[in-house]
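Quick note on labels: first sequence line is chain A, next is B, and so on, each numbered from 1.
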Number of protein chains: 2
Amino acid sequence: MNASPTPMPGRPVRGSTTGRSLMAALDLFGRRWTLRIIWELGNEPLGFRLLQRRCDGMSSSVLRQRLTELQEARLAEVLRDGSYTLTPLGHDAREALGPVIEWSLRWAAELADAPPTAAEDAGDSQRNRF
Amino acid sequence: MNASPTPMPGRPVRGSTTGRSLMAALDLFGRRWTLRIIWELGNEPLGFRLLQRRCDGMSSSVLRQRLTELQEARLAEVLRDGSYTLTPLGHDAREALGPVIEWSLRWAAELADAPPTAAEDAGDSQRNRF
DNA sequence: ATGAGTGCTTCGGATTCCGAAGCACTGCCG
DNA sequence: CGGCAGTGCTTCGGAATCCGAAGCACTCAT
């Protein structure tokens, strides 16, 4: 299973040597689908295939990888019936994500009534502005 | 610049068709280095190369990509002197990340005094537990 | 004018992600 | 009992993404 190691506080983070726990968390969360999985698992325990469907049919191989990482990081665990849940620590993480949710609503509102500025859509507009 | 489109509320998200703003946010944040960049820019405006150094020397090509995405998403902008900052919306996002920081501390503490369970380190231990 | 620093691009190779297919297994239901 | 659908999970080839070294055009201090 040739994958990069699960980020953990105390150990050096991918591309870093400091190992500060915040950086480890940012690295862990900054992997595709991780945030989404935590979010979906926070609602209710889910089996593998059902969880996969909730995540817009994400790749099963990556889902397996993410679930392993989350287990190693002690955010998720398997129930006796085989379904996946968040540990108490995992639920904490999800709650910590709450403000992000609220923000995303503001974000959506902001973008709705703000017409794109000339600077943005023409991505190659500014160059060598020294 | 062959890159996947910047996630935006209202538009379908990568691998999804719902376009809910939360999913867009999770997709945006769930790209490597994005959270880290927001974090670093929240402290102070930074020029390209300095920001790169703050992010453990991340790849310049990816940094450029991320910065463009963040600008399109209106989280970041360029100052007159060429350095990058967070927009007010971007600062909101960073503040929304605050609880995640606090959580990462608890996470570190939790992992510190919790010996690894047999289930974890031997990743290939459990198979076909039907 | 020379050297150091900047923002940014290019490009080949490494890593990661993807999705279809398949395996072994457990329920069902007739 | 014999299908048959559903499960968790793996494999594997190809696509997308990431990486880092190198370089370009430019500015500014010396």
*Would you tell me if any nitrogen or oxygen in the side chain of Tyr84(B) comes within less than 4.0 Å of OP1 or OP2 on dT6(C)?*
no
*Does Gln65(B) make a side-chain N or O approach to OP1 or OP2 of dC18(D) shorter than 4.0 Å?*
yes
Tell me: [atom1] of [X] to [atom2] of [N], nearest whole Å?
| X | N | atom1 | atom2 | result |
| --- | --- | --- | --- | --- |
| Arg66(B) | dC19(D) | CZ | C1' | 12 Å |
| Met58(B) | dC8(C) | CE | C1' | 13 Å |
| Leu63(A) | dG8(D) | CG | P | 10 Å |
| Leu50(A) | dG6(D) | CG | P | 13 Å |
| Phe48(A) | dG22(C) | CZ | P | 18 Å |
| Arg64(A) | dC17(C) | CZ | C1' | 16 Å |
| Arg49(B) | dA21(D) | CZ | C1' | 12 Å |
| Leu46(B) | dT6(C) | CG | C1' | 14 Å |

*asked:* Taking atom types as they are modelled, would you say the side chain of Ser60(A) forms a donor-acceptor pair with the base of dG8(D) within the 3.5 Å cutoff?
replied: no
*When you check the gap from the basic side-chain N to the acidic O, do Glu69(A) and Arg64(A) get nearer than 4.0 Å?*
no
*Salt bridge flag under 4.0 Å for residues Asp56(B) and Arg36(B)*: yes
*Any sub-3.5 Å donor-acceptor pair from Thr87(B)'s side-chain atoms to Arg74(B)'s backbone N or O?*
yes
*Say whether, by atom type as modelled, one donor and one acceptor occur between the side chain of Trp107(B) and the main chain of Ala73(A) under 3.5 angstrom.*
yes
*Can you tell me which residue pairs pass the salt bridge (Lys or Arg N to Asp or Glu O under 4.0 Å) test with a partner in residues 82-97 of chain A, sequence neighbours excluded?*
Asp92(A)-Arg106(B)
*For Trp39(A), ring-ring contact (aromatic ring centres under 6.0 Å, His included) partners two or more places apart*: none
_With Leu75(B), the side-chain contact (heavy atoms from CB on, under 4.5 Å) member among Ile37(B), Thr34(B), Ile38(B), Leu67(B)_ = Ile38(B)
Please tabulate the protein-to-nucleotide N/O contacts below 3.5 Å involving nucleotides 13-15 of chain C, giving atom names and distances.
none

*asked:* Checking contacts here: which listed nucleotide (dC18(D), dG20(D), dG19(C)) is nearest the side-chain heavy atoms of Ser61(A)?
replied: dG19(C)
*Ignoring the backbone of Arg53(A), work out which of dC8(C), dC17(C), dT7(D) is nearest its side chain.*
dT7(D)
